[in-house]
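What follows is a set of notes on a single structure, which appears directly below.
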Amino acid sequence: MSVVNSLMASLRAALRPAGAGGTASDPQPYADSTASVVSAPGGVHAGGQRRHSPSTVEELELELLLEAAFQVYGYDYRGYQRDVVTRRVQAAMAQLSLSTISALQARVLHEPHAWNVLLRELSVEPALMFDDAAEASLLRMSLGVCLHGVALPRVWLADCAGAQQAWTLAILLEQEQLGARTEIYATVSSDALLAEAQAASLPMARLGELQANYVRSGGTGKLLDYFEVSGDGLHAALRPQLRNRITWAQYNLVTDASFNEFQMILGRRALPDFGPALRQRVLRLFDDSLAPTGMLALDRPLEAGDPLAARYKPLFPQQPWYKRVA
């Protein structure tokens, strides 16, 4: 009960209006206070940004659950889009056969398995190889233009959607004669996802589906040419010369700082989950991490009033893929 009481106190402090006896504290490690700012309507604190004010018991339960995840495990989902979080929390509840968010919170606080179920649901949905034909086509057109003039290019898959997204990029780089000198940095939000990605293999039972994806995206030849099949014929591993160019790491877009300079950043699969203030924080992080003339792939166009918009020029018509120009 002491943990729950502590969480309740933290939530009340976060929701208290700025003038109502004391100042609400913000435990976020970065200065723009995105932790308490979400897209849902609510009260306004002294900084002029809206706070989320739960209007139903379920919304209050959700705020307590997100606070618990932050206080106990250090994972901060408080700035995520509430409709996205609600849908994923409900999926975790269904997996664990629970009827309320409060019941899920109790399990999460005391059972590592329940926390892992929730964490997986809240993470970026895993991708299949070449599952987005449009993205693969845009990469084919832009990789050479953006990277051929760089001695040792680096590409960041921010909040990578699993091993198969990284394998897709490695194969495209190889086809552009860039694989041998390009380093792929694939970051994921948790140690569990990191271990899963590093141990992943290609299930041969899905080869037909993945080959069809590959052809639809403009690929020629056999996808299996880039893999080594296991002795039992059930799985395949990416060939070592491709696999060795992928550096996997645990990294939190919400709280961590820039860790390198990249010629290309692909972050479009993670960005839709973020609320407005958190999205701006992550866009600034990408801007801090992108080399001059580097390429940035987003989920939607930069808004005209966005302070970063003047620094980027669209690479393709009607596509949120940008080249840095300032």
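Keep in mind that this is a model prediction, so the values were computed, not measured.
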Which atom names give the shortest non-hydrogen contact between Leu207 and Leu224, and what distance separates them? CD2-CD2, 4.0 Å
I'd like to know if Leu122 and Leu98 are part of one continuous hydrophobic network [Ile/Leu/Val/Met/Phe/Trp/Tyr, side-chain heavy atoms within less than 4.5 Å]. yes
Distance alone, cut at 3.5 Å: any donor-acceptor contact between the side chains of Gln241 and Glu174? no
Using modelled atom types and a 3.5 Å cut-off, is there a donor and acceptor pairing between side-chain atoms of His148 and backbone atoms of Glu176? yes
One thing to verify: whether Arg88 and Glu125 come together as a salt bridge, which I'm taking to mean a side-chain N less than 4.0 angstrom from a carboxylate O. no
Establish whether Trp248 and Leu173 are linked, either directly or via other cluster members, by ILVMFWY side-chain heavy-atom contacts under 4.5 Å. yes
Working for side chain to side chain contact (heavy atoms under 4.5 Å, CB included), residues Ser189 and Asp159: CA-CA 6 Å; Ser189 60; Asp159 259 14; 4.1 Å; yes
Looking only at atom types and distance, does a side-chain atom of Tyr214 sit under 3.5 Å from a main-chain N or O of Thr220, one as donor and one as acceptor? yes
What orientation do Phe259 and Tyr251 show, parallel under 30°, tilted 30 to 60°, or perpendicular over 60°? tilted
Describe, in one word, how the ring planes of Phe262 and Tyr185 are oriented to each other, choosing from parallel (under 30°), tilted (30 to 60°) and perpendicular (over 60°). perpendicular
What pair of heavy atoms forms the shortest contact from Ala161 to Val124, and how long is it? CB-CG1, 3.9 Å
Glu135/Arg268 ion pair, N-O < 4.0 Å: yes
Using modelled atom types and a 3.5 Å cut-off, is there a donor and acceptor pairing between side-chain atoms of Arg324 and backbone atoms of Leu290? yes
Tell me, do Leu285 and Ser258 make a side-chain contact under 4.5 Å, heavy atoms counted? yes
Please check if the side chain of Glu61 supplies one atom and the backbone of Ser102 the other of a donor-acceptor pair under 3.5 Å. yes
Answer with yes or no after comparing the ring centroid distance for Phe286 and Trp156 against a 6.0 Å cut-off, counting only values under it. yes
Using modelled atom types only, decide if a donor and an acceptor are shared between the side chain of Gln263 and the backbone of Arg154 within a distance under 3.5 Å. yes
Could you walk me through whether Val89 and Glu121 pass side chain to side chain contact (heavy atoms under 4.5 Å, CB included), step by step? CA-CA 7 Å; Val89 165; Glu121 289 295 338; over 6 Å; no
Under a 4.5 Å cut-off applied to non-hydrogen side-chain atoms, are Ser99 and Met93 in contact? no
How about Thr247 and Glu183: does a side-chain donor come under 3.5 Å of a side-chain acceptor? yes
For the CG atom of Leu152 and the CG atom of Leu147, what is their distance to the nearest 0.5 Å? 11.5 Å
Residue from Leu104, Val85, Leu60 passing side chain to side chain contact (heavy atoms under 4.5 Å, CB included) with Leu65: Leu104
Treat each ILVMFWY residue as a node, draw an edge where side-chain heavy atoms are under 4.5 Å apart, and state whether Val282 and Leu193 are in one component. no
Please determine whether a side-chain nitrogen of the Lys or Arg among Glu228 and Arg239 lies less than 4.0 Å from a carboxylate oxygen of the Asp or Glu. yes
Any side-chain to backbone donor/acceptor pair from Asp306 onto Leu302? Under 3.5 Å, distance only. no
Measure the SG-CE distance between Cys146 and Met141 for me, rounded to the nearest 0.5 Å. 11.5 Å
Side chains of Tyr312 and Trp321: does their closest heavy-atom pair fall under 4.5 Å? no
Got a donor-acceptor contact below 3.5 angstrom from the Tyr77 side chain to the Phe70 backbone? no
Sub-4.5 Å side-chain heavy-atom contact between Met129 and Ile171: yes
Let me confirm one number: the CG-CD distance from Leu278 to Gln280, rounded to the nearest 0.5 Å. 10.0 Å
Worked check of side chain to side chain contact (heavy atoms under 4.5 Å, CB included) between Thr255 and Asn252: CA-CA 6 Å; Thr255 58; Asn252 193 325; 3.5 Å; yes
Side-chain heavy-atom pair Leu169, Leu143 within 4.5 angstrom cut-off: yes
Any heavy-atom pair between the side chains of Phe130 and Leu223 that's under 4.5 Å? yes
So CG of Leu283 and CG of Leu298: to nearest 0.5 Å the spacing works out to 6.0 Å
Between Ala180 and Arg245 the two heavy atoms that sit nearest each other are O-CZ, 3.5 Å
If you round to the nearest 0.5 Å, how far is CD1 of Ile101 from CD of Glu59? 9.5 Å
Can you see which heavy atom on Ala200 is nearest to which on Ala163, and at what distance? CB-CB, 3.6 Å
Go through the steps to decide whether Leu128 and Gln165 satisfy the test side chain to side chain contact (heavy atoms under 4.5 Å, CB included), and finish with yes or no. CA-CA 7 Å; Leu128 291 177; Gln165 186 189 14; over 6 Å; no
Between Tyr75 and Leu62, is there shared hydrophobic-cluster membership here, with clusters defined by ILVMFWY side-chain heavy atoms closer than 4.5 Å? yes
Minimal non-hydrogen separation, Pro272 against Gln81, with atom names: O-CG, 3.8 Å
Quick check, are the ring centers of Tyr80 and Phe274 under 6.0 angstrom apart? yes
Does some side-chain heavy atom of Gln95 sit less than 4.5 Å from a side-chain heavy atom of Val117? yes
Option among Glu209, Gln211, Arg216 that satisfies the side-chain hydrogen bond (donor to acceptor under 3.5 Å, both in side chains) test with Asn213: Arg216
When you measure from the side chain of Arg82 to the backbone N and O of Arg78, does any donor-acceptor pair fall under 3.5 Å? yes
Exercise: do Gln175 and Tyr226 side chains pair donor with acceptor under 3.5 Å: yes
Donor-acceptor under 3.5 Å (Ser289 side chain, Glu261 main chain): no
Determine, using the 4.5 Å side-chain heavy-atom cutoff (strictly less than), whether Val155 and Val188 are members of one ILVMFWY cluster. yes
Inspect the contact between Glu196 and Arg120 and indicate whether a charged nitrogen and a carboxylate oxygen are less than 4.0 angstrom apart. yes
Taking the side chain as C-beta and beyond, is there a heavy-atom pair between Leu202 and His235 under 4.5 Å? no
Could you state the interatomic distance from CD1 (Ile184) to CD1 (Ile246), rounded to the nearest 0.5 Å? 5.0 Å
Check whether Arg300 reaches the backbone of Gln319 with its side chain - one donor and one acceptor, N or O, closer than 3.5 Å. no
Of all heavy-atom pairs between Ser190 and Leu119, which one has the smallest distance, and what is that distance? CB-CD2, 3.4 Å
Side-chain ion pair, Arg269 and Asp299, N-O less than 4.0 Å: no
